[in-house]
Amino acid sequence: MNKLPMLNRELSWLDYNARVLAEGLKPSTPLLEKLNFMRIFASNLDEFFMVRVAAVKSALLNRQTSEEWAGMHPRDLLDAIHQKVQQQYDTLYAHLHEIVLPGLAANGIHLLSQDAWSSREWRYLERFFAEKVYPLLTPLRLEPDYFPSTGSLQVHVAFRLEGEQSIAIVQVPKNIDRFIILPQDLTIAAEPEAGQPQGNVLRIALLEDVVLAFGSKLFSGLKVQHGLIFKVNRDADFSVDEDRDDDFLAAMEEVLTGRQNSTPVRMVYTGSDQILVDALMRSLALGPLDVYHVDWLLDLGRTTALCDPEFYRGHGLVPAPSLFFSQWKPVRSFDEKGSIFDWIDEHDRFVNLPYESFDVVQRFIEESANDPSVLGIKITLYRTSGMGSPIVHALAKAARSGKQVVVVLELKARFDEEKNISWATELEQAGAIVTYGVARLKVHAKAALVIRRRQDGSIARYLHLSTGNYNEKTARSYVDFCLFTANESLCTDVALFFNILTGYSSIQSLSFIAVAPFDLKQRIIALIDREASQSTLESPGLIIAKLNALSDPDIIKALYNASAKGVQIMLNVRGVCTLIPGLPGISEHIEVRSVLGRYLEHGRMLYFRNAGSEELYLSSADWLSRNMEKRIELLFPVLDAELRARCKDILMAYFKDNTHSYRQDQLGEWEDLSQTGTGGEARLCVQERLYKLAKKALHSREEKEEILQVRRSKSATGALASKNPGD
């Protein structure tokens with residue numbers, strides 16, 4: 001195998017985002033869930049351009065070619081990216097205007113472009129502009145070779161003025177609600193929608209449209225000829241000065257400032273004035289491949305509020321349940337009346353989020369903070385929730401109470417830097433020991449170790465390991481896997497791991513756990529190679545892996561070699577996959593699927609048959625070079641036989657899905673298995689199945705508890721009867 005057959009990573013990512021969009025286009029997806037998929041699609045693209053495309057453009061400017069581009073010249077890659085993205089935008093907006101917006105209007109939710117405003121609404125919005133918007137606007141003259149420093153991801157309106165053909169841009173204010181709810185008395189005279197009760201209607205205008213409609217008032221004495229709305233993505237692909245150990249917080253703050261005024265990467269606009277478009281391109285130093293034309297509603301990535309039923313209830317409209325997915329209430333895997341430590345002491349625990357509630361993770365940290373027997377807590381934090389994070393507040397409380405709290409807080413978590421800087425300050429002020437990650441590496445591992453004194457004076461340790469972050473908000477919509485254990489060997493490994501992170505121990509191999517960038521990649525390749533060496537025609541090897549992404553060339557090479565030796569390889573890869581399945585003599589025994597759905601598939605799980613001595617692992621790491629070489633990651637085993645069997649069943653279920661599953665072919669194309677028919681098989685949605693299994697497991701536990709209670713009751717009655725035979 002002279003040259004490794006691989007797909008281009010950037011184009012593979014765009015195919016993944018197309019699958020996200022495809023989920024939104026499915027007829028079975030409720031209307032506001034469709035809008036939410038479109039929002040995710042658009043938000044994903046923003047980050048893709050700010051990071052990945054910025055790197056491709058940098059390679060082009062520096063005249064670099066790299067294996068990273070899978071043999072494509074950066075210029076050809078940019079052209080391919082542009083074609084794919086523009087086609088995807090065209091598909092999205094056609095569906096938005098033909099299906100979503102009319103469907104929402106039929107349900108009383110009217111998202112209004114300018115041409116849909118009534119005359120009374122025009123007058124209302126004109127007053128709204130004059131009183132609440134106009135005072136905040138600052139028109140800036142556009143220079144041919146200079147674009148004002150106006151930040152990244154900010155929506156602007158451009159105006160072409162009569163006379164000198166001068167052009168001005170105005171940033172749409174960030175501190176006013178984007179969605180303007182129009183008073184109902186403006187539309188009382190209008191006919192209600194068929195089947196829609198009078199008054200149960202919400203008409204919504206957009207702030208950027210209001211600025212475009214009335215912005216001419218900013219230019220007294222001049223006539224506005226044309227206007228358009230646009231947004232700029234700037235380069236976010238640059239890092240902190242790792243040598244600033246003496247003032248690392250300040251160095252991170254400089255990164256945030258620089259990101260707001262870095263090099264423009266692309267522009268997205270809605271409008272038709274080519275003179276304005278050309279002028280903006282010149283000022284931003286962007287070429288035709290960097291500019292994307294979309295239909296109205298431009299900034300779909302900022303429509304989170306519109307996808308939330310509470311938004312409508314807060315404005316007096318009760319949205320129809322049919323606009324959303326049916327609610328799946330997370331199952332509580334832990335009885336809150338008991339002690340979390342007793343629960344873990346009984347045996348290892350596996351929790352599958354979000355089908356099971358994140359409350360058990362939160363309880364683990366909060367009970368540790370409140371329990372006087374707990375002596376110390378050590379934890380890694382990568383991405384947490386906003387200012388109300390219960391995990392961070394519990395850690396601060398524990399530190400203030402005198403417990404030793406050690407927090408490895410990754411300040412370099414892209415787009416969460418500002419939040420993490422704030423948490424670092426709060427935790428330090430509470431008395432916690434805080435380290436800001438590791439120089440030149442990102443700490444992406446998710447681990448919490450609690451040290452507790454037992455009643456007999458001995459020391460016990462309790463461990464939480466996970467594939468997902470300590471974030472109670474994302475835990476409601478991300479599929480992740482958690483392991484709770486008091487296993488002494490695993491606890492010892494993680495204690496050594498924390499010592500390595502905080503600088504108190506040299507880098508060393510651990511007994512059960514592998515750590516990137518030190519030995520995790522080598523461990524994975526060794527596991528794959530072992531499977532290949534044990535594989536026979538009578539008993540072929542088996543590897544099953546659930547990942548978010550796969551592009552590391554060394555791992556792909558190991559998988560190809562294993563396939564060539566007859567190992568059956570089943571891969572469920574949510575996002576990027578540069579491995580090519582089905583190639584004769586190379587990857588013909590490899591199957592690649594991708595499952596999407598209402599929840600984001602985020603958990604990583606690996607299974608190896610190992611000649612019958614099955615092994616199963618969970619991991620914080622995807623099979624990407626960056627995870628293997630530039631991040632601190634963990635790979636840890638599931639040692640409990642019952643939990644291992646449960647995890648294997650979960651893995652296999654992903655390959656039975658025929659409603660939200662896609663299969664990759666040897667050309668790199670993805671086939672939607674929900675469109676191919678089921679051959680008489682019952683339709684199976686793996687996410688729905690796993691939720692039902694979680695509920696079934698809860699009911700089974702409750703039934704066992706009830707049986708035990710009844711037996712105790714009968715036993716007690718019998719004992720009384722034997723003592724009082726005459727009663």
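Not measured: the values here are computed from a predicted model.
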Pairwise side-chain contact, [X] with [Y], heavy-atom cut-off 4.5 Å (strictly under):
X      : Y      : result
Val20  : Phe37  : yes
Leu202 : Ile204 : yes
Leu35  : Leu300 : yes

Starting at [atom1] of [X], measure out to [atom2] of [Y] and round the result to the nearest 0.5 Å.
X      : Y      : atom1 : atom2 : result
Gln114 : Leu212 : CD    : CG    : 5.0 Å
Leu112 : Leu206 : CG    : CG    : 9.0 Å
Ser166 : Leu161 : OG    : CG    : 4.0 Å
Leu31  : Leu101 : CG    : CG    : 9.5 Å
Arg476 : Thr474 : CZ    : OG1   : 9.0 Å
Ser389 : Glu426 : OG    : CD    : 8.5 Å

Inset, instruction - Look at atom CZ of Arg178 and say whether more than 12 heavy atoms of other residues, nucleotides or ligands are closer to it than 6.0 Å. - result: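 Atom CZ in Arg178 is packed in, count exceeds 12.
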Inset, instruction - For atom OH of Tyr478, decide whether the heavy atoms of other residues, nucleotides or ligands shown that lie under 6.0 angstrom number more than 12. - result: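 No, because the 6.0 Å sphere around OH of Tyr478 holds 12 heavy atoms or fewer from other groups.
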Legend entry - Stepwise side-chain contact (heavy atoms from CB on, under 4.5 Å) test for Leu96 and Met38: CA-CA 9 Å; Leu96 178 70; Met38 293 175 178; 3.9 Å; yes
Inset, instruction - Show your working on side-chain contact (heavy atoms from CB on, under 4.5 Å) between Leu182 and Tyr124 and close with a plain yes or no. - result: CA-CA 8 Å; Leu182 296 168; Tyr124 171 83; 3.7 Å; yes
Legend entry - Trp117 and Asp209 side chains, donor-acceptor separation under 3.5 Å: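 Asp209 vs Trp117: no donor-acceptor pair found between side chains.
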Side chain of [X], backbone of [Y]: donor and acceptor closer than 3.5 Å?
X      : Y      : answer
Tyr312 : Leu306 : yes
Glu33  : Phe325 : yes
Gln88  : Val85  : no
Asn469 : Thr384 : no
Asp273 : Gly227 : no
Thr303 : Asp299 : no
Tyr662 : Ser674 : no
Tyr93  : Leu298 : yes
Asp308 : Thr304 : no
Asn233 : Arg266 : no

Non-hydrogen atoms of [X] and [Y] that approach each other most closely:
X      : Y      : result
Trp13  : Asn44  : CH2-O, 3.5 Å
Pro264 : Val232 : CB-CG1, 4.0 Å
Ile275 : Ile167 : O-CD1, 4.5 Å
Ala42  : Gly301 : CB-N, 3.7 Å
Asn471 : Phe358 : N-CZ, 3.8 Å
Ser12  : Cys577 : OG-N, 2.9 Å

Quick one: side chains of residues 593-601, donor-acceptor pairs under 3.5 Å with protein atoms, not counting sequence neighbours, listed by atom name and distance.
unit_1: Arg593; atom_1: NE; unit_2: Glu591; atom_2: OE2; d: 2.6
unit_1: Arg593; atom_1: NH1; unit_2: Phe655; atom_2: O; d: 3.1
unit_1: Arg593; atom_1: NH2; unit_2: Glu591; atom_2: OE2; d: 3.0
unit_1: Ser594; atom_1: OG; unit_2: Arg19; atom_2: NE; d: 3.2
unit_1: Ser594; atom_1: OG; unit_2: Arg19; atom_2: NH2; d: 3.4
unit_1: Ser594; atom_1: OG; unit_2: Val573; atom_2: O; d: 3.1
unit_1: Ser594; atom_1: OG; unit_2: Arg574; atom_2: O; d: 3.0
unit_1: Arg598; atom_1: NH1; unit_2: Ser326; atom_2: O; d: 2.6
unit_1: Arg598; atom_1: NH2; unit_2: Ser326; atom_2: O; d: 3.3
unit_1: Glu601; atom_1: OE1; unit_2: Lys546; atom_2: NZ; d: 3.0
unit_1: Glu601; atom_1: OE1; unit_2: Tyr654; atom_2: OH; d: 2.7
unit_1: Glu601; atom_1: OE2; unit_2: Tyr654; atom_2: OH; d: 3.2
unit_1: Glu601; atom_1: OE2; unit_2: Gln687; atom_2: NE2; d: 2.9

Legend entry - side-chain hydrogen bond (donor to acceptor under 3.5 Å, both in side chains) contacts in which one or both residues fall within residues 283-293, not counting sequence neighbours: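 Residue pairs passing side-chain hydrogen bond (donor to acceptor under 3.5 Å, both in side chains), neighbours aside: Lys57-Asp290.
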Inset, instruction - Please test Arg123 against Glu126 for salt bridge (charged side-chain N to carboxylate O under 4.0 Å, His left out), starting from the C-alpha separation and ending with a verdict. - result: CA-CA 5 Å; Arg123 291 193 293 273; Glu126 186 173 19; over 6 Å; no
Inset, instruction - Quick one: sort the His156 and Phe230 rings into parallel, tilted or perpendicular, breaks at 30° and 60°. - result: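 Ring orientation of His156 relative to Phe230: parallel.
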Inset, instruction - Would you please indicate yes or no on a ring centroid separation below 6.0 angstrom for Phe129 and Trp122? - result: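 Centroid distance Trp122-Phe129: not below 6.0 Å, so no.
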Inset, instruction - Please report the C-alpha distance between Met281 and Val291 in whole Å, then the side-chain angles of each, then the deciding distance to 0.1 Å, and finally whether the side-chain contact (heavy atoms from CB on, under 4.5 Å) criterion is met. - result: CA-CA 8 Å; Met281 288 172 60; Val291 177; 3.5 Å; yes
Legend entry - Side-chain ion pair, Lys231 and Asp46, N-O less than 4.0 Å: yes
Legend entry - Check ion pair Arg383-Glu410 (N to O, under 4.0 angstrom):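 Here Arg383 does not pair with Glu410 in a salt bridge, since their nearest N and O are not under 4.0 Å apart.
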Inset, instruction - Please lay out, stage by stage, how Phe159 and Leu276 fare under the test side-chain contact (heavy atoms from CB on, under 4.5 Å). - result: CA-CA 8 Å; Phe159 296 98; Leu276 274 175; over 6 Å; no
